[in-house]
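Working notes, beginning with the structure itself.
Numbering of ligands and ligand atoms starts at 1, following listing order. Reckoned from all heavy atoms, side chains included, excluding hydrogens, waters and symmetry mates.
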Amino acid sequence: MEKMVYFFGEGKAEGNQKLKDLLGGKGANLAEMTNLGLAVPPGFTITTEVCTFYYQGKNSYPPGLDVEVDRAMKRLESIMGRRFADRENPLLVSVRSGARVSMPGMMDTILNLGLNDETVEGLARQAKDPRFAYDAYRRFIQMYAEVVMGVSSHHFESLLDQAKRRQGVESDAELKVEELKKLVAEYKSSVQRESGKAFPVEPGAQLWGAIGAVFGSWGSARAASYRRIHKIPEDWGTAVNVQTMVFGNMGDDCATGVAFTRDPSTGERKFFGEFLPNAQGEDVVAGIRTPMPINQESATPGNQLATMEQLFPDTYAELVRLYQLLEKHYKDMQDIEFTVQQKKLFLLQTRTGKRTPSAAVRIAVDMVNENLITKDIAISRVTPTQIEQLLHPRLDPRVEKKVVTKGLPASPGAASGEVVFSSEEAENYRKAGKAAVLVRHETSPEDITGMDAAQGVLTALGGMTSHAAVVARGMGKPCVAGCGAISIDYKKQLFTVNGVTVRKGETLTIDGSTGEVILGFVPTINSQVDQYFTEFMRWVDEKRGLGIRANAETPNDVKVARQFGAEGVGLCRTEHMFFEESRITAVREMILAETRERRETALNKIFPMQKDDFLAIFREMRGYPVTIRLLDPPLHEFLPKTEAELLELARLENTSVEAIAAKVKSLHEFNPMLGHRGCRLGVSYPEIYEMQVRAIMEAAGELIRDEDFQIEPEIMVPFIGALEEFQLLKADITKVCDQVLNKLQLKFTYRIGTMIEIPRAALIAESLAKEAEFFSFGTNDLTQMTLGLSRDDAGSFLPRYLEKGIYRQDPFVSLDQEGVGELIRIACERGRRGNGSLKIGICGEQGGDTSTIEFCHRLGFNYVSCSPFRVPVARLAAAQAALKSSSLN
Ligand code: ADP
Ligand code: MG
Ligand code: MG
């Protein structure tokens with residue numbers, strides 16, 4: 001370690017903006033502002049390397065640190081013309097933590113350090129204001145005792161209350177100096193009592209105590225869990241900033257405040273901020289006094305408070321000059337902390353300002369139009385998560401809410417409705433035009449229509465990858481899952497949670513972005529797709545190379561997908577079309593048929609319905625490709641489950657309940673579902689696929705013939721594990737296609753391809769690709785089979801695995817790792833070797849995941865396909881992947 005302390009002051013700093021890793025965000029920016037010639041109180045930064053050393057070396061400092069700190073303190077003293085610990089003219093400092101990224105959970109700032117019974121008198125003489133000096137002193141004791149010595153603040157607060165009562169005053173500011181002196185003495189004895197130690201009187205000891213507390217706070221449980229959640233490495237460490245105090249609380253010509261260079265909630269280009277006259281440090285955010293707007297633009301409607309612009313016109317004008325300068329310099333919206341001491345403005349911090357998703361988009365677009373940043377930078381400044389949040393309705397933040405419990409934020413967005421406990425009820429609500437929230441232990445495939453009918457879904461069991469979570473995300477429906485605190489009684493049609501009982505028909509609100517469950521109705525505000533969003537997404541589309549398609553099977557989903565910018569359907573599942581009430585009977589008849597003839601009779605009933613489906617989907621996707629997957633799930637999924645349903649089916653089929661139950665049992669498969677499903681059904685019962693292919697080709701043909709469409713249907717065979725399967729089915733499919741083309745007297749291109757979802761398919765990709773025109777990675781099954789792990793395993797009954805990080809947090813989202821990602825890489829390589837013009841895509845939930853999209857971009861995929869609601873997210877992720885790889889080259 002060459003240098004442990006970086007000085008800033010007198011227009012020059014040893015550090016700069018680029019040294020964030022070493023000086024932390026705050027330290028690097030204090031240095032940068034100093035170099036820009038702005039009024040920053042001088043000080044110095046102790047590097048993050050010292051912090052790292054401190055932890056590696058069992059809480060000791062590197063040799064020589066004390067010498068460097070002493071030298072920096074001397075330099076501060078000479079610049080300021082004051083001396084630390086001097087009883088006549090004392091120098092006071094603040095001690096501030098500052099990691100690379102701002103990190104709640106770390107040490108709070110200590111202000112006014114250097115005060116004791118003697119220096120406080122010096123400060124009183126300096127300021128010609130004893131009241132101010134003793135007020136600073138009592139604040140310092142409280143902050144130091146709290147932060148460094150671990151004494152709880154309530155001891156001080158109750159002493160302060162007693163003092164005010166003794167004096168018969170309302171506010172702290174009205175306390176007389178004599179009373180403050182008494183309070184100081186009481187604070188000190190309270191420290192002694194609570195901590196068993198005397199309050200350190202020697203400023204040098206105070207300084208090192210505070211420095212130690214900053215480094216110590218990096219290791220605190222709070223900070224550690226924050227790092228875990230936000231994936232911040234342990235070895236980054238924090239820096240410590242020691243800075244000369246300036247005072248915003250020296251009288252009515254002083255103030256402190258916070259400002260944003262643009263409106264952080266709308267992104268509007270206006271200077272926005274709050275301040276408090278005669279106040280110190282955190283008073284603005286602490287909520288003790290109501291802050292005042294810095295200008296009329298920042299005022300809420302009907303504001304009666306004076307503004308900084310009115311009270312301090314010259315200082316305000318200077319602040320305006322500086323904010324413009326800072327924004328130009330940093331080329332991003334800044335969040336600025338300032339203090340005014342006797343009308344003179346000081347800057348204490350600047351950093352990239354946090355903003356809402358819609359503000360992020362607007363600021364990025366505006367800054368490009370202002371020639372401040374390039375489109376590439378604009379694209380990189382908005383996160384895919386922000387786009388996701390932008391598109392979902394949110395709870396109105398101005399409305400108070402009664403949160404009863406919290407579950408997992410399984411699918412973003414907010415919803416209110418009356419509580420129902422069954423999918424049937426949810427559908428009744430929809431028919432009656434009423435909003436429902438579906439509450440279940442967990443959901444199953446039969447609940448799909450109920451989930452679709454409800455505004456949102458709440459489950460007691462299951463994790464982020466449970467059925468409810470996955471399906472809800474796919475639908476873009478808000479969902480809170482795994483809400484262990486609720487206990488449901490289906491019989492009584494109620495649930496209880498933390499002592500509250502909620503009955504069917506009572507109104508409930510869920511927030512799938514936070515996991516909150518809220519009693520009663522909370523209004524939502526709609527996602528804003530405005531001109532900024534539209535322009536931003538246009539730039540995004542110019543940048544990306546990867547195509548974005550949607551997984552969609554109903555005409556409505558397909559329509560939504562188009563509106564969100566999908567360039568085709570990557571996965572149209574045909575089985576969902578079978579579930580509909582009017583069709584399921586014919587489907588069951590088909591399944592239970594014992595002869596080919598009876599099966600064909602049933603299939604003939606289904607055929608026109610399937611054809612209508614495809615007609616509608618092709619129409620919605622006019623001009624874009626549609627990949628249709630032939631029937632995939634095991635047949636038991638279509639058979640009844642309840643006693644009543646069994647009876648009804650037995651009656652219709654003229655057979656016994658036992659016979660039906662036996663059939664259901666014989667067909668049943670477990671997760672991960674292997675066995676008799678996918679193309680294996682196609683091999684066993686060729687007439688099923690024949691019917692589907694005929695429906696696809698006739699629908700496409702009629703549109704081409706009658707409505708002047710361009711369509712090249714893509715027929716996808718699921719679950720291929722052997723070359724011979726594909727060859728056999730391809731021959732069947734081609735035969736039907738030729739028949740239809742002949743019948744219609746037409747010629748148009750169609751493609752036959754396969755899903756790669758059985759690991760072996762990836763391995764035989766070269767020979768498969770000689771036969772197949774496209775591959776689509778079905779990563780849901782591929783993941784389950786590669787890992788030998790089902791979604792439910794990962795989500796619920798493997799807590800110890802999650803705890804230990806085995807299979808990582810969510811193996812179904814992270815492809816870019818050994819195993820699944822490796823198989824995909826192999827399949828791409830071998831597939832392209834077999835067929836140079838092979839089209840490659842991905843469907844499955846991972847298709848919408850940011851890191852997966854980057855992975856697919858690197859492997860040169862043609863497209864990714866995801867749920868309609870994720871299409872804009874995927875568009876941005878694809879553009880960012882393109883940016884990233886071009887910056888690597
Ligand atoms: P945070 O990281 O929580 O924002 P800071 O270190 O920025 O903490 O300190 C919080 C507030 O304390 C600052 O906004 C500023 O008002 C005040 N402050 C910090 N250092 C000084 C100083 N040297 N002089 C005056 N006020 C200070
Ligand atoms: Mg700050
Ligand atoms: Mg599959």
Side-chain angles (χ1 to χ4, degrees), residues 7-9 20 23-31 33-34 38-46 72-73 76 79-80 82 84 90-115 123 127 132 135-136 139-140 142-144 146-147 207 210-211 213-214 217-218 222-223 226 238-250 254-260 273-289 291 294 308 319 334-342 344-354:
F7 195 84
F8 54 89
K20 275 209 174 88
L23 304 180
K26 199 178 285 165
N29 285 330
L30 286 170
M33 287 197 292
T34 303
L38 309 185
V40 175
F44 57 89
T45 305
I46 306 175
M73 285 300 285
L76 265 191
I79 291 177
M80 299 306 298
R82 290 180 192 155
F84 195 50
L91 173 72
L92 303 186
V93 295
S94 65
V95 175
R96 318 169 68 185
S97 61
R100 282 191 217 183
V101 290
S102 104
M103 226 177 87
M106 294 220 340
M107 196 202 81
D108 297 316
T109 297
I110 296 175
L111 302 178
N112 312 333
L113 189 140
L115 283 174
L123 180 66
F132 153 74
D135 190 50
R139 285 170 186 260
F140 167 57
Q142 172 168 350
M143 275 187 258
Y144 190 94
E146 226 183 294
V147 174
L207 180 63
I211 292 171
V214 174
S217 72
W218 177 260
R222 266 198 312 167
Y226 185 87
T238 180
V240 181
N241 300 288
V242 178
Q243 190 175 22
T244 309
M245 280 305 300
V246 287
F247 298 100
N249 54 334
M250 260 181 160
C254 301
T256 185
V258 176
F260 292 86
E274 295 180 326
F275 85 115
L276 269 178
N278 199 6
Q280 184 165 45
E282 306 279 69
D283 292 359
V284 175
V285 279
I288 305 165
R289 286 164 59 190
I294 54 169
M308 180 176 175
L319 185 62
Q334 296 294 297
D335 165 354
I336 300 167
E337 296 175 1
F338 62 89
T339 283
V340 179
Q341 178 174 324
Q342 291 159 329
K344 180 162 170 42
L345 178 68
F346 292 93
L347 295 183
L348 289 162
Q349 188 168 345
T350 189
R351 62 184 154 193
T352 304
K354 293 232 170 3

*Short list, please: which atoms of ligand 1 are under 4.0 Å from a heavy atom of Thr256?*
16 (O)
*asked:* For Phe247 and Phe132, take the angle between the two ring planes, folded into 0 to 90°, and tell me which bin it lands in: parallel under 30, tilted 30 to 60, perpendicular over 60.
replied: perpendicular
_Any nitrogen or oxygen of Val246, side chain or backbone, less than 3.5 Å from one on ligand 1?_
yes
*asked:* Between Thr238 (side chain only) and Gly98 (backbone N and O only), is there a donor and an acceptor less than 3.5 Å apart?
replied: yes
*Closer than 4.0 angstrom: is that true for some heavy atom of Lys26 and an atom of ligand 1?*
yes
*asked:* For the residue pair Gln280 / Asn112, report whether a side-chain donor-acceptor contact shorter than 3.5 Å exists.
replied: yes
*asked:* Considering Gly248, Ser94, Ser102 one by one, which has a heavy atom nearer to atom 21 (C) of ligand 1 than any of the others?
replied: Ser94
*Do any N/O atoms on Gln349 end up under 3.5 angstrom from N/O atoms on ligand 1?*
yes
*asked:* Counting C-beta onward and ignoring hydrogens, is there a side-chain heavy-atom pair between Asn29 and Lys20 closer than 4.5 Å?
replied: yes
*Using a 4.5 Å cut-off on heavy atoms from C-beta on, say whether the side chain of Arg139 contacts that of Leu111.*
no
*Does the Thr256 side chain pair with the main chain of Phe338, one donor and one acceptor, at a distance under 3.5 Å?*
yes
*Counting each atom of ligand 1 from 1 as listed, which ones have a heavy atom of Arg96 under 4.0 Å away?*
5 (P), 6 (O), 7 (O), 9 (O), 19 (C), 20 (N)
*asked:* I'd like to know: is the Mg ion (ligand 2) within the 2.8 Å range of an N/O/S atom from Thr109, strictly under that distance?
replied: no
*asked:* Taking distance alone, with N or O pairs closer than 3.5 Å, would you say Ser97 contacts ligand 1?
replied: no
*Taking only heavy atoms of Leu111 into account, list the atoms of ligand 1 that are under 4.0 Å away from them.*
12 (O), 17 (C), 18 (N), 19 (C), 20 (N), 21 (C), 27 (C)
*When rounded to the nearest 0.5 angstrom, what distance separates CG in Asp335 from CZ in Arg351?*
4.5 Å
*Please work out the angle at the Mg ion (ligand 2) defined by atom OE1 of Glu337 on one side and atom OE1 of Gln349 on the other, rounded to 10°.*
80°
